[in-house]
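Worksheet: the structure to be examined is printed underneath.
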Amino acid sequence: MLKGKSLLPIVQGGMGVGVSAHRLAGTVAGLGALGTISSVDLRRHHKDLMAQTGKSRDKEKIDAANLLALDREIKSAGVIADGKGMIAVNIMRAVAEYAAYVRQACDSGADAVVVGAGLPLDLPDLTAHHPKVALIPILSDVRGIALVLKKWMRKQRLPDAIVIENPRYAAGHLGAAGLDNLNDPHFAFPTVLEGTFELFKQLGLEREKIPLITAGGINSHAQVRNLLGLGASAVQLGTPFAVTLEGDAHPNFKKVLADARPEDIVTFMSVAGLPARAVKTPWLANYLDKEAKLQRKAGPKECTVGFDCLHQCGLRDGIARSGQFCIDTQLAFALEGDLKRGLFFRGSESLPFGNAIRPVSELIEYLLHGIRPATLQTATA
């Protein structure tokens, strides 16, 4: 139950650049679940906006195009959903235009705003004029949950749900201080769920007041059943939805994620100053070979794409401990299916249907009921 609406206990995570846009989010919502649009650089899905800004270095022009693209994507997802489920927008706290994206998501009719990659302590203030929009922070441990709850309670607001993301398994940007912290036991789902319920008790909150959504490495019906049994209200998945037929990225993108073996998946420091997980494709392998040298030579430089997509960027700001590449450029190559130059974010675990590309409906059916597509049952019998 979210904002009075009954939903399936399945959440599709936000994946950028452009991997989860209107087609994927709308399809998920149309089946009665929570579909999520990633707000990052959505102009890349709109030929007219790219014609205007693709070669531009005008920050204001690019920012305006991305806000228009976000508006279009939310409305298009709503058409597909046809009043079913809910449409969320995922916004990274670390992006420079975070506040503008939050306001646009609310103005354009998003049902929920989901914020990760930083503590969204100001989210209640930014959304004060949109009380019907659900607010959902993404956090990784009890300490972070406590910080957000206490700050928001002083503003007379509670999260409508909390995503608990385990950085040991998740894709993309990870909620840990550094690479050495990814496997810390305090991120384990049982630990965080139990600790959060105890925190609720200490703060005088009813256990059922704020649904908890577990995310990271979930790939089977058995896991879903186990996590719901531990007290989670829902589960969130990213990579398994990214490789569905309705995923908004290029077929090559889906193939890279679906075909990746465990040894192909690596963690490294992103330009956002957070650990990240992706497939070790040619570009990433080449970058990692040079990473130490690039970090030693780090120094402030002009933004290579003309708009400061991140509030703090390791490449632009010369932060040696962070990544030294343009993340928007590399993720955009991945969206287009460029196997040599793309950065392909992916979770660490195997996928529910192996390397098969299947519809969203079959993935949700499997997660909820353990029913695998007949073609896969035959293939694996």
Side-chain angles (χ1 to χ4, degrees), residues 12-28 30 35-55 62 65-66 68-70 72-74 76-77 80 89-90 92 170-173 237-261 264-266 270 276-287 304-305 309 325-348 350-363:
Q12 167 247 315
M15 297 166 283
V17 166
V19 177
S20 60
H22 77 271
R23 186 172 63 167
L24 178 57
T27 301
V28 173
T36 309
I37 296 168
S38 171
S39 66
V40 180
D41 210 9
L42 282 168
R43 65 186 171 127
R44 295 187 180 277
H45 274 303
H46 300 266
K47 289 182 180 179
D48 62 325
L49 299 180
M50 285 305 291
Q52 297 167 22
T53 64
K55 295 181 180 179
I62 295 170
N66 275 324
L68 177 55
L70 177 57
R72 290 178 181 178
E73 293 293 323
I74 292 169
S76 295
I80 296 172
V89 175
N90 178 282
M92 290 175 59
H173 290 102
L237 298 87
T239 305
F241 277 110
V243 302
T244 57
L245 287 173
E246 295 89 349
D248 291 276
H250 191 281
N252 285 350
F253 178 96
K254 301 174 189 181
K255 183 172 174 57
V256 168
L257 269 60
D259 288 348
R261 302 162 300 176
D264 298 326
I265 301 164
V266 295
S270 163
R277 180 171 288 117
V279 182
K280 195 175 183 180
T281 48
W283 173 82
L284 185 52
N286 182 57
Y287 166 74
T304 58
V305 292
C309 60
F325 59 90
C326 175
I327 193 166
D328 185 78
T329 298
Q330 307 310 144
L331 290 175
F333 282 138
L335 174 67
E336 297 164 2
D338 190 325
L339 303 179
K340 292 183 178 179
R341 297 183 291 178
L343 171 58
F344 296 79
F345 282 152
R346 189 199 191 281
S348 65
S350 61
L351 297 174
F353 301 146
N355 63 358
I357 309 298
R358 307 296 300 181
V360 163
S361 58
E362 292 182 356
L363 175 59

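All values reported here derive from a predicted model rather than from experimental measurement.
Between the CD atom of Glu73 and the OG atom of Ser39 there is a distance of 11.5 Å, given to the nearest 0.5 Å. Summarising the geometry, atom OG belonging to Ser76 is positioned 8.0 Å from atom CD1 belonging to Ile37; distances are rounded to the nearest 0.5 Å. Once rounded to the nearest 0.5 Å, the distance linking CE of Met50 with CD1 of Ile62 reads 8.5 Å.
Formation of a donor-acceptor pair under 3.5 Å by the Thr36 side chain with backbone atoms of Asn90 is not found in this model. Checked by atom type and distance alone, the side chain of Glu246 pairs as donor or acceptor with a backbone atom of Val360 at under 3.5 Å. The closest donor-acceptor contact from the side chain of Lys340 to the backbone of Pro282 lies at 3.5 Å or more, if one exists at all. Not one N or O on the side chain of His22 forms a donor-acceptor pair closer than 3.5 Å with the backbone of Arg72. One N or O on the side chain of Arg277 and one on the backbone of Ala170 form a donor-acceptor pair closer than 3.5 Å. Between the side chain of Asp338 and the backbone N or O of Phe333 there is no donor-acceptor pair closer than 3.5 Å. Side chain of Thr329 to main chain of Val305: no donor-acceptor pair is present (N/O by atom type, distance under 3.5 Å, no hydrogens or angles). Looking only at distances, no side-chain donor or acceptor of Lys254 sits under 3.5 Å from a matching main-chain atom of Ile357.
Here the closest non-hydrogen pair linking Gly347 and Ile265 is O-CD1, 3.6 Å. Taking each heavy atom of Ser20 and Met15 in turn, the nearest pair found is OG-N, 2.7 Å. Between Leu49 and Ala65, the shortest heavy-atom distance links the atoms CD1-O, 3.4 Å. Nearest heavy atoms, Ser270 versus His173: OG-NE2, 2.8 Å. Looking at every heavy atom in both residues, Cys309 comes nearest to Ile327 through SG-CG2, 4.5 Å. When all heavy atoms of Ala171 and Thr239 are compared, the closest pair comes out as CB-OG1, 3.8 Å.
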task: Dump the intermediate steps for side chain to side chain contact (heavy atoms under 4.5 Å, CB included) on Leu68 and His46, then the final yes or no.
output: CA-CA 10 Å; Leu68 177 55; His46 300 266; over 6 Å; no
query: side chain to side chain contact (heavy atoms under 4.5 Å, CB included) between Leu351 and Asn355: does it pass, once the steps are laid out?
result: CA-CA 7 Å; Leu351 297 174; Asn355 63 358; over 6 Å; no
query: Can you list the steps and then say if Tyr287 with Gln330 is a side chain to side chain contact (heavy atoms under 4.5 Å, CB included)?
result: CA-CA 11 Å; Tyr287 166 74; Gln330 307 310 144; over 6 Å; no
Criterion side chain to side chain contact (heavy atoms under 4.5 Å, CB included) on Phe253 and Leu335, from CA distance to verdict: CA-CA 6 Å; Phe253 178 96; Leu335 174 67; 5.9 Å; no
message: Arg44 vs Asp328, test: salt bridge (charged side-chain N to carboxylate O under 4.0 Å, His left out). Steps then yes/no.
response: CA-CA 11 Å; Arg44 295 187 180 277; Asp328 185 78; 3.0 Å; yes
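Side-chain contact between Phe325 and Trp283 is present, with heavy atoms from C-beta onward closer than 4.5 Å. Thr244 places none of its side-chain heavy atoms less than 4.5 Å from the side chain of Val28. In this structure, the side chains of Leu284 and Val279 stay at 4.5 Å or more apart for every pair of heavy atoms. Under the 4.5 Å side-chain criterion, counting only non-hydrogen atoms from C-beta, Pro352 is in contact with Leu363. Within the 4.5 Å cutoff, no side-chain heavy atoms of Val243 are placed close to those of Phe353.
Under the salt bridge (Lys or Arg N to Asp or Glu O under 4.0 Å) criterion, Arg43 pairs with Asp41, not counting sequence neighbours.
Between Phe344 and the choices Asn252, Asp264, Val19, Thr281, the side-chain contact (heavy atoms from CB on, under 4.5 Å) rule is met once, by Thr281.
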